[in-house]
Participant: 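Mind looking over this structure? Questions follow.
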Amino acid sequence: IELISGLCHTDTLDPFPVWRDGAISPCFNQLVLGALAHTVVAVFSACYLSAQSLLRSSPPCGWGLRLVSALLVALFFVGDLVLVALLHRGDMYLDVLADGCAILSWLVHFGALLVLQRSIHRRTRGPSLLLLLVLLPIPNLVVTLLAYAQDTTYLDLAEPLRVARLVLAAARGLPLLVYLLAFAAPCVGEGSYTSMSVNDADSSLLIPESSYQETGAMVAEDGSGCISRLLYLWLNPLLRRGRRGELERPCDVYLLPRRLRTSAVLEVGLLKVLHKAFGLRYYLLGVLKLAGNMLGFAGPLLLSSLVTYMEEEGAPFSRGAWCATGLFFSTLFSALIRNLFVFEVSKVSLSARAALVSSIYGKALRVNGGGLAARFTLGEVVNFMSTDTDRVVNFFNSFHEMWSLPFQFSIALYLLYLQVGVAFLGGLGVALLLVPLNKVLASKIMENNKHMLTHKDSRVKLMTEVLFGIRVIKFYNWEAYFAQKIAACRRQELSHLKAIKYLDALCVYTWGALPVVISIITFVTYVLLGHELTAAKVFTTLALVGMLILPLNSFPWVLNGTLEAKVSLDRIQRFLKLPNQDLDAYFSHDHPTEGDTGSETESTKGIVVVGKVGCGKSSLLAAITGELNRRAGVVYVQGRENGFGLAAQEPWIQHATVRDNILFGRDYNSSFYQAVVEACALTDDINILPNGDRTEVGENGVNLSGGQKARLALARAVYMEKDIFLLDDPLAAVDTDVAHHLMERCIMGILRSKTRILCTHRIEFVDKADVVILMDNGTIIKTGSELWPYVESSLSGEEQKAVGGLAWKVYHAYWRAVGGALAVSILLSLLLMQASKNVSDWWLSHWISNLKNNGSAQSVLMPAYSSPHMLLFSPGGLMYPVSIMETTPFANMSSEVKFYLTVYGSIAGANTIFTAIRAFLFAYGGIRAASVVHNRLLDTVLKATVTFFDTTPLGRVLNRFSSDLYSVDDTLPFFLNILLANIFGLLGMLVVMSYGLPWVLVPLLPLGLLYHCTQRFYRHTSRDLKRLCSLTLSPVYSHFSETLSGLGTIRASSSASRFEEENERRLEQNQRCLFLSNAAMQWLDIRLQMIGVVVVTGIGVIAVVQHQFKSIDPGLVGLSLSYALSITGLLSGLIFSFTQTEMQLVSVERTEEYSTTLPTEPQHSNPQVPTSWPEQGWVEFRGAVLSYREGLPNALDGVSLVVRPGEKVGVVGRTGSGKSTLFLALFRMVELNQGQILLDGVDTRQVGLAQLRSKLAIIPQDPFMFSGTVRENLDPCGRHPDPQLLEVLEHCHLSPVINRIGGLGAEVGERGKSLSLGQRQLLCLARALLTEANILCIDEATASVDQKTDKLLQQTIREKFQDKTVLTIAHRINTILDSDRVLVMHSGKVVEFDTPADLCQRDDSIFCKLVGGRGEAVVVGLGGPVQWRW
């Protein structure tokens, strides 16, 4: 004060007058309008000194005029400084300070212009901020000229120095005018202007908006100026494009800033790596957090001074003005710093997310195959990348709160001590007693959370299996069983979620009621200690109690988030600590000696590996590629670094085009590509596809037949051009003709110069091998070239086990999920809670006003403030010295005080009750919505048509059941709860403020309009960005799931690095959208916070002005001001909770999309169909025409045929001829376009799907097994006793295998991984034997079993289905040679349908050619049924 008084030559009682002698005082003019304004000019001009210089050509003349103008203004101030020194007046130091700041600022501005004219801004007007900076000092010039004009000495020629000052001041206006004109008209033609920066959003380009560079090529934030970064002006072009509705694809958004580009973290010590990678940058953000907290305390202190000023009559106007100015700057800088902190933390979180996802993906590619399968399921690993990664990333938001909240608590405690002395200890003691309770609640929440995640993993795992086997589930009519099984997992998950939500509600209620208890105990203690309780002290103490409660209230949630992050971090850590696939240790580097050799193959040889089902053929190939654990011995592979061409037994097909599947990342070589396609017999298949080899294949090849998948996987392996090819029974799923083609043209043709290891059950090809390896029980029995007798004899031995991803309808949907009545009850409880809170505030203000008006000097016992959100009373307090008086006993309390106390206490009690009702109702509503959304989604997906699953990636569907449901379960209710509380809190605040200070409506109305316009401008882009976030997230998960499924193929072909690059590309695309979504949120946040700054300043100014006219109630003003001070934080919280809620509602939108728009199968049933139908087993196709989708060729093209009751019909034809489609049509998996299918004369379209499928039996081509026991896989519905199950296992020759793994109660593993593929096919046959259906369909059921076992099974089928109608699709002709008739299909048409004998006697018979021509199929008996020997 003394310094300012000495500098300004003013009275110490009023050291800084704003207004004096009817004009603005020289002190205010020079310090605030002069020195401070020029300091701002200097600081922000300095931000452009680091702009990169790019060009050396001469700039447009506009820049030159502005340079000269800036230099002239600086020189004029130098001249004024000299004149001030010569005049040597008493207040010369004030002028020296102002002129010095001006000279420095204009010289810095001159330097900034020099840099900018040679930067990317050369062909623009430059940043718009330059104009604002030049306008900032103009008020100082105007006030100075007015002051000189009113002082006659400056017009007296006898005072030449003063006259010179007036002339210099007037002359300063001329260069400023020239500067402004040069900015408006830069002196060049419009056509010569081009946008030279991808980040010149803060520049005013003199070109039409349409000529802006495409946003998809721009780099976000990099190269932007200081103001552009603070106000997110670099985001404006993207927002404008979003407003026009042009953000449709991920490539339309900005590129990531270079420092946020995706990079992998490959270390195991995850926490240490995150600390090392992001620690320093992240910890420095704590400085911003500390500055924001300190500014938070500045507001209440200034509010204290303002309230004190209003209570004093005749207080100087300047004092109130200083308080209002201080409120403006403190709230302004607090808003800027907090916004910057949040955005910078989000950038660190984004970097950490990229590192985590890349690390998990990279680990999955490198982990030991056996360790991964033994420790984690597919669903669990996908959860690591989704849910667990999100929780770890959320920790970055919690860390700074961990130290910041105790710091705020300590400061509030100290201020409370200054206010009421030791009386605060009583209330503090109660608060501290709640900490152990809170710890118990937190531990219970963590325990339930861990159990909930376990059940979630189980549900996602089961859902993954269901989606993989959805065709088989529909064949067997098991939808209801799996719906119940998933629902059981979901019930377990929701039971723990319910416990978590109710415990959360208890926490909210406890901390919501705590202010009541603390305040009452504090006031009682304070009065009993003999102190007087004044109105000002009540306001201050209540505000400080609010500051005390805020950290205590928030800390448990921060702690909870930290503990959740730790649980997820531990889960990820366990995964990352799995042993890697160490190929250097696995393989020997030295060629083994002869004595060490178990199996040795020389280069350029054809090796065939044979043996019965489960003998270890696939395991041998896995051992060669390094997918098994080597416990002893030596494995040596020459040239293994180049990888292998692997065609796995279960073909792995990517969700891509046919060509991309074959190329597998390699360059396209037309001639070699065509040779591979022809060698793999794919030419005809590609020709019938609608877009040829550009046709997209569904995930896992769902829209291809088994043979097409096998040949596509073989073509991919061949195109790799490796030295070693590992072929795991690629001939099993194709017919004999195609098998011969593949053997001659591919394996013995295009691959003849390569080392080939072929595992097969097609023993007719054994004689073509250079070396034959016979395996049994995991060991090599014989190796040589003449092993035919051993092959024949060994096939009858025992089998072994081998372990081989917003409209109003979205809000309406969630409203319906919660329940209309319940939703209304929740809103009503919120309204009553907020109303009782605001009424209690008003009552307190009314009480204080009456106390002041009555001049009461008696001691007042004040009840507590009851709101759980004390921030609305401002996060600070007023400090008064403690006055001491004699203790007033409670008995002497006046009736007036008792009346006020009773009413206030009643309102406070009602508020507490409404708070409890709202907390528990909301928890119940969230759980109910979670249950309804899941049940609707599951019901619709299980009823969806097969076509939907053929055209939709698994990851996209799975994303709905994992990420989206997690949002609906947990995240959405959390943010929606906060949003509703903020909305009602804001409405209550506006009502109270308008009641207390009606003049506040004047600025509020235009600010409301501004808010509306800003919101509309923002919402289009925000919504599109959030949808793009979800759209780009599904490919990340889908690619990860696909990678895990094809891990063996990827690693064998040495393609891991390419898949990592693909993961990084997909992840970066998602990160781009996520980063810009966060930036758009902060763009809106800073503008809303500026609105809050204007409201606070406006109310402060209105209060000061009204105080001058003495037309104000201090109680209402104190209440309005305390509300206004928190409006910035409330607006910020409102938009954050709103955007987060809207973001989470995208998950509801995505689940609702599936729940309402998926094509579903008809669910009607026909009660007129008898339960015994079809009794005979008569099957008739009448002109059946079927195509899978519009635009595709007909898969069945006019099929007409009749299968008589009990007839055995074999179905043959090359791959893709329509054989499997016959079964799909029979089971109505795909509906006919034309024609009919009749069973016992009943049109199948007149029968309900459940009725139809339950009366048919099928053994599908792809054996489907789910996690569970052998018993559950055989008989999921529990309709058959164990003896019957054991009997069918015996008939299927599975008893030894099942007994070995533990009997009917043995677990088969995820998707049956404990059994070989052949054993899984046998188990599916056992299911069919249990059925009592009169019609059996067999689709390549024994393709992966050896021929000896196949013969035994065929005999079992003949015996068990002697009187049944059996339709059998087979690629092994011997499987159907004893059929009554054979149906030959070609291109969806019936070309032959007759007995095998008749067909073989016709020269033009296709079937005759399939069995090998005349003379190879010999009739050995004609006395009864025709028998054929192969």
Side-chain angles (χ1 to χ4, degrees), residues 469-478 701-709 733 735 945-947 949-950 1161 1174 1177-1182 1184-1188 1194-1197 1199-1203 1207-1233 1235-1239 1244-1245 1247 1249-1264 1321 1324-1325 1327-1328 1331 1333-1343 1357 1361 1364-1371 1375-1376 1379 1381-1390 1393:
I470 191 67
R471 280 176 177 250
V472 178
I473 289 173
K474 288 182 177 294
F475 274 135
Y476 287 130
N477 194 35
W478 282 350
V702 292
N703 49 352
L704 298 178
S705 70
Q708 288 170 330
K709 284 191 285 187
D735 55 66
T945 60
V946 172
T947 306
F949 294 103
D950 289 348
E1161 297 175 323
W1178 182 288
V1179 180
E1180 182 179 357
F1181 284 72
R1182 290 183 182 175
V1185 177
L1186 182 150
S1187 65
Y1188 285 101
N1194 290 334
L1196 294 182
D1197 194 0
V1199 173
S1200 296
L1201 59 94
V1202 176
V1203 179
E1207 194 173 21
K1208 311 298 183 289
V1209 174
V1211 184
V1212 297
R1214 65 163 291 128
T1215 302
S1217 61
K1219 303 185 299 294
S1220 296
T1221 308
L1222 281 174
F1223 290 178
L1224 293 178
L1226 185 61
F1227 280 77
R1228 289 181 58 198
M1229 304 289 276
V1230 184
E1231 297 288 351
L1232 293 179
N1233 295 31
Q1236 290 178 300
I1237 299 176
L1238 306 177
L1239 298 183
T1244 55
R1245 281 182 293 195
V1247 183
L1249 281 178
Q1251 290 174 295
L1252 172 66
R1253 292 170 185 170
S1254 64
K1255 298 298 182 179
L1256 301 174
I1258 188 169
I1259 307 172
Q1261 187 174 20
D1262 297 321
F1264 168 69
Q1321 285 190 324
C1324 291
L1325 174 61
R1327 287 176 185 158
T1331 185
N1334 289 321
I1335 300 173
L1336 172 66
C1337 302
I1338 305 174
D1339 188 356
E1340 289 298 333
T1342 57
I1357 292 173
F1361 295 95
K1364 315 286 187 183
T1365 302
V1366 180
L1367 305 177
T1368 305
I1369 295 175
H1371 290 149
T1375 302
I1376 58 168
S1379 299
R1381 285 192 291 172
V1382 173
L1383 171 67
V1384 182
M1385 299 287 296
H1386 180 71
S1387 298
K1389 294 183 173 64
V1390 175
F1393 190 27

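Keep in mind it's a predicted model, so treat the numbers as computed, not measured. We count residues from 1, following the sequence as given.
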Participant: Considering residues at least two apart in sequence or located in another chain, which fulfil the side-chain contact (heavy atoms from CB on, under 4.5 Å) criterion with Ser1220?
Facilitator: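 In terms of side-chain contact (heavy atoms from CB on, under 4.5 Å), with neighbours along the sequence ignored, Ser1220 is linked to Gln1261, Asp1339, Ile1369.
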Participant: Identify, with sequence neighbours excluded, every residue that meets side-chain hydrogen bond (donor to acceptor under 3.5 Å, both in side chains) alongside Asp1197.
Facilitator: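 Testing Asp1197 for side-chain hydrogen bond (donor to acceptor under 3.5 Å, both in side chains), a comparison that skips the adjacent residues, returns Lys1389.
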Participant: By salt bridge (Lys or Arg N to Asp or Glu O under 4.0 Å), which residues pair with Glu1180, not counting sequence neighbours?
Facilitator: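 Result, salt bridge (Lys or Arg N to Asp or Glu O under 4.0 Å) vs Glu1180: Arg1182.
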Participant: Report yes if the side chains of Leu1252 and Phe1227 come closer than 4.5 Å at any heavy-atom pair, otherwise no.
Facilitator: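 Heavy-atom side-chain distance check fails, nothing below 4.5 Å.
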Participant: So, Ser1254 and Asn477: side-chain donor and acceptor under 3.5 Å apart, yes or no?
Facilitator: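 Asn477 and Ser1254 do not have a side-chain donor-acceptor pair below 3.5 Å.
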Participant: Using the test side-chain contact (heavy atoms from CB on, under 4.5 Å), find all partners of Val1230 that sit at least two apart in sequence or belong to another chain.
Facilitator: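 Partners of Val1230 by the side-chain contact (heavy atoms from CB on, under 4.5 Å) criterion, ordered by chain and then number, come out as Leu1186, Tyr1188.
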Participant: Considering non-hydrogen atoms only, spot the tightest contact between Leu1226 and Cys1337 and give its length.
Facilitator: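 For Leu1226 versus Cys1337, the nearest heavy atoms are CD2-SG, 3.7 Å.
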Participant: Minimum heavy-atom separation for Ile1258 to Tyr476, with atom names?
Facilitator: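 Closest approach of Ile1258 to Tyr476: O-OH, 3.2 Å.
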Participant: Measuring from atom CG of Leu1383 to atom OG1 of Thr1368, what distance do you get when rounded to the nearest 0.5 angstrom?
Facilitator: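 Here the interatomic distance stands at 11.5 Å.
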Participant: Going by heavy atoms in the side chains, are Leu1336 and Leu1367 under 4.5 Å from each other?
Facilitator: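 Counting from C-beta outward, Leu1336 and Leu1367 never come under 4.5 Å.
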Participant: Taking all atoms of both residues into account, what is the closest heavy-atom pair of Ile1338 and Phe1223, and its distance?
Facilitator: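 That closest heavy-atom pairing would be O-CE1, 3.6 Å.
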Participant: Mind checking side-chain hydrogen bond (donor to acceptor under 3.5 Å, both in side chains) for Lys1208 and listing every partner two or more places apart, or none if nothing turns up?
Facilitator: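 Expected list: none.
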Participant: Under the rule for ring-ring contact (aromatic ring centres under 6.0 Å, His included), what residues qualify as partners of Phe1393, not counting sequence neighbours?
Facilitator: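 None.
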Participant: Quick check: do Met1385 and Leu1222 have side-chain heavy atoms less than 4.5 Å from each other?
Facilitator: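 With C-beta onward as the side chain, the pair touches.
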Participant: Closest heavy-atom contact between Lys1255 and Pro1174?
Facilitator: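 Answer, listing the atom of Lys1255 first, then Pro1174: CB-CD, 3.7 Å.
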Participant: How long is the span from the CD1 atom in Ile1335 to the CG atom in Leu1239, to the nearest 0.5 Å?
Facilitator: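 CG of Leu1239 is found 4.5 Å from CD1 of Ile1335.
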Participant: Ser1187 and Asn1194: which non-hydrogen atoms are nearest, and at how many Å?
Facilitator: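 Residues Ser1187 and Asn1194, closest heavy atoms: CB-OD1, 3.6 Å.
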Participant: Can you give me the closest heavy-atom contact between Ala1225 and Leu1196, atom names plus distance?
Facilitator: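 Shortest heavy-atom separation between Ala1225 and Leu1196 comes out as CB-CD1, 4.0 Å.
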Participant: Mind checking side-chain contact (heavy atoms from CB on, under 4.5 Å) for Arg1245 and listing every partner two or more places apart, or none if nothing turns up?
Facilitator: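 By the side-chain contact (heavy atoms from CB on, under 4.5 Å) rule, Arg1245 matches Arg1228, Glu1231, Gln1236, Asp1243.
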Participant: My understanding is that only residues two or more places apart in sequence, or in another chain, count here; which of them pass side-chain hydrogen bond (donor to acceptor under 3.5 Å, both in side chains) with Glu1161?
Facilitator: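 Glu1161 satisfies side-chain hydrogen bond (donor to acceptor under 3.5 Å, both in side chains) with Lys474, Arg1253 once adjacent residues are dropped.
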Participant: Is there a side-chain contact between His1386 and Val1384, using heavy atoms and a 4.5 Å cut-off?
Facilitator: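 Contact flag for His1386/Val1384 side chains = no.
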Participant: For Trp1178, enumerate each residue passing the ring-ring contact (aromatic ring centres under 6.0 Å, His included) test, keeping only those at least two apart in sequence or located in another chain.
Facilitator: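 Trp1178: no ring-ring contact (aromatic ring centres under 6.0 Å, His included) contacts found.
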Participant: Could you measure the distance from the CG atom of Leu1201 to the CZ atom of Phe1181? Nearest 0.5 Å is fine.
Facilitator: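 One finds 6.0 Å between CG of Leu1201 and CZ of Phe1181.
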